[in-house]
Trainee: 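Right, I'll just put the structure down here and ask away after.
Note that the numbering runs from 1 along the sequence shown for the chain.
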Amino acid sequence: MSYMAAGGSPRFLGEEVNGKWTRLLGHFETKILHKITQDDLNAAADYAKKIPAANGKLYVAGFCWGGGQTFRFATNRPDLSAAFVFYGPPPDKDAMAKINAPIYGFYAGDDARIGATVPGAVEAMKAAGKKYEPVTYDGAGHGFMRAGEAPDASAGNKKARDDSWVRWKSLLEK
């Protein structure tokens with residue numbers, strides 16, 4: 001097994017099999033990766049809040065796996081102003097009680113894996129008395145923020161990307 005890192009953050013956990021690298025993220029390694037990511041996010045947030053030109057608001061956004069880490073970060077950062085989760089899974093239901101910031105979700109209608117987690121997250125956040133506003137964009141696929149900017153983007157991905165930008169910017173202006 002090899003561990004390769006750059007800038008103090010893990011980039012790949014795996015082993016070489018028949019001349020090819022195979023990704024091996026078991027439960028233990030995933031827990032370590034989540035801890036390192038959360039530590040990195042906290043360090044970046046602590047630094048950002050000390051910048052003289054900062055306005056005191058702290059936001060986090062993430063996409064795909066990073067969207068899940070964004071949701072998780074909200075469970076660990078009490079001074080977070082808002083979290084913007086782009087097609088990422090929610091944290092454990094019990095952890096949601098620790099969330100202080102509003103969570104804004106951006107999801108793809110054609111993303112069964114992540115889309116299946118949204119109703120449970122809505123229910124858990126509501127039960128915890130937390131603000132969670134997910135929006136699902138019909139006709140969009142997972143990764144629509146990137147796919148929607150391509151010259152040959154599908155209409156669903158392009159519309160989801162455009163609508164998401166408008167929504168995101170409007171939320172940041174609050």
Trainee: Measuring from Thr70:OG1 to Leu80:CG, what's the distance to the nearest 0.5 Å?
Mentor: 9.0 Å
Trainee: With rounding to the nearest 0.5 Å, note down the distance linking NE2 in His142 to CZ in Arg113.
Mentor: 5.5 Å
Trainee: Sub-3.5 Å donor-acceptor pair from the side chain of Asp111 to the main-chain atoms of Tyr107, do we have one?
Mentor: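 Looks like no, no N/O pair under 3.5 Å.
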Trainee: Taking all atoms of both residues into account, what is the closest heavy-atom pair of Gly148 and Ala153, and its distance?
Mentor: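 Heavy atoms of Gly148 and Ala153 come nearest at O-CB, 3.7 Å.
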Trainee: Any ion pair linking Asp163 and Arg167 (charged N to carboxylate O, less than 4.0 Å)?
Mentor: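 No, this pair does not count.
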Trainee: Check whether more than 12 heavy atoms from other residues, nucleotides or ligands sit under 6.0 Å from atom CD of Glu133, and answer yes or no.
Mentor: yes
Trainee: If we ignore hydrogens and angles and just use 3.5 Å, is the side chain of Asn55 paired with the main-chain N or O of Lys57 as donor and acceptor?
Mentor: yes
Trainee: With heavy-atom distances below 4.5 Å as the criterion, would you say the side chains of Trp65 and Thr37 are in contact?
Mentor: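 Yes, close enough: below the 4.5 Å cut-off.
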Trainee: For Pro89 and Cys64, which heavy atoms make the closest approach, and how far apart are they?
Mentor: CD-O, 4.1 Å
Trainee: Can you tell me how far the OH atom of Tyr132 sits from the NZ atom of Lys126, to the nearest 0.5 Å?
Mentor: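 Spacing of OH (Tyr132) from NZ (Lys126) equals 14.0 Å.
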Trainee: Decide yes or no for Met125 and Lys131: does some side-chain heavy atom of the first lie under 4.5 Å from some side-chain heavy atom of the second?
Mentor: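 A side-chain contact is absent here, since even the closest heavy-atom pair is not under 4.5 Å.
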Trainee: Does a salt bridge link Arg77 with Asp46, judged by any charged N lying under 4.0 Å from a carboxylate O?
Mentor: yes
Trainee: Would you give the length of the straight line joining atom OG1 of Thr75 to atom CG of Asp92, rounded to the nearest 0.5 angstrom?
Mentor: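 Answer rounded to 0.5 Å: 9.0 Å.
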Trainee: Measure across Lys93 and Ala124 and return the closest heavy-atom pair with its distance rounded to 0.1 Å.
Mentor: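 Closest pair (atom of Lys93, atom of Ala124, distance): CG-CB, 3.5 Å.
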Trainee: Can you find a heavy atom in the side chain of Gln69 that is under 4.5 Å from one in the side chain of Arg72?
Mentor: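 Yes. Closest side-chain heavy atoms under 4.5 Å.
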Trainee: When you group the ILVMFWY residues by side-chain heavy-atom contacts below 4.5 Å and let the links chain together, are Ile99 and Leu58 in the same group?
Mentor: no
Trainee: If you link ILVMFWY side chains whenever their heavy atoms are less than 4.5 Å apart, which other residues fall into the same cluster as Met145? By chain and number, please.
Mentor: Tyr59, Phe63, Phe84, Phe86, Tyr87, Tyr104, Phe106, Val135, Tyr137, Phe144, Trp165, Trp168, Leu171, Leu172
Trainee: Nearest heavy-atom pair of Gly156 and Ala140: which atoms, and what distance?
Mentor: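 The answer is O-CB, 3.7 Å.
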Trainee: Any donor and acceptor pair, going by atom type alone, linking the side chain of Asn157 with main-chain N or O of Gly141 inside 3.5 Å?
Mentor: yes
Trainee: Looking at Lys49, I'd like to know if its NZ atom is crowded, meaning that more than 12 non-hydrogen atoms belonging to other residues, nucleotides or ligands lie closer than 6.0 Å.
Mentor: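 Count over threshold, so yes.
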Trainee: Check whether more than 12 heavy atoms from other residues, nucleotides or ligands sit under 6.0 Å from atom NZ of Lys130, and answer yes or no.
Mentor: yes
Trainee: What are the two closest heavy atoms between Met96 and Pro91, and how far apart are they?
Mentor: CE-O, 3.5 Å
Trainee: Apply side chain to side chain contact (heavy atoms under 4.5 Å, CB included) to the pair Val85 and Ile103, showing each step before the final yes or no.
Mentor: CA-CA 7 Å; Val85 178; Ile103 309 295; 3.8 Å; yes
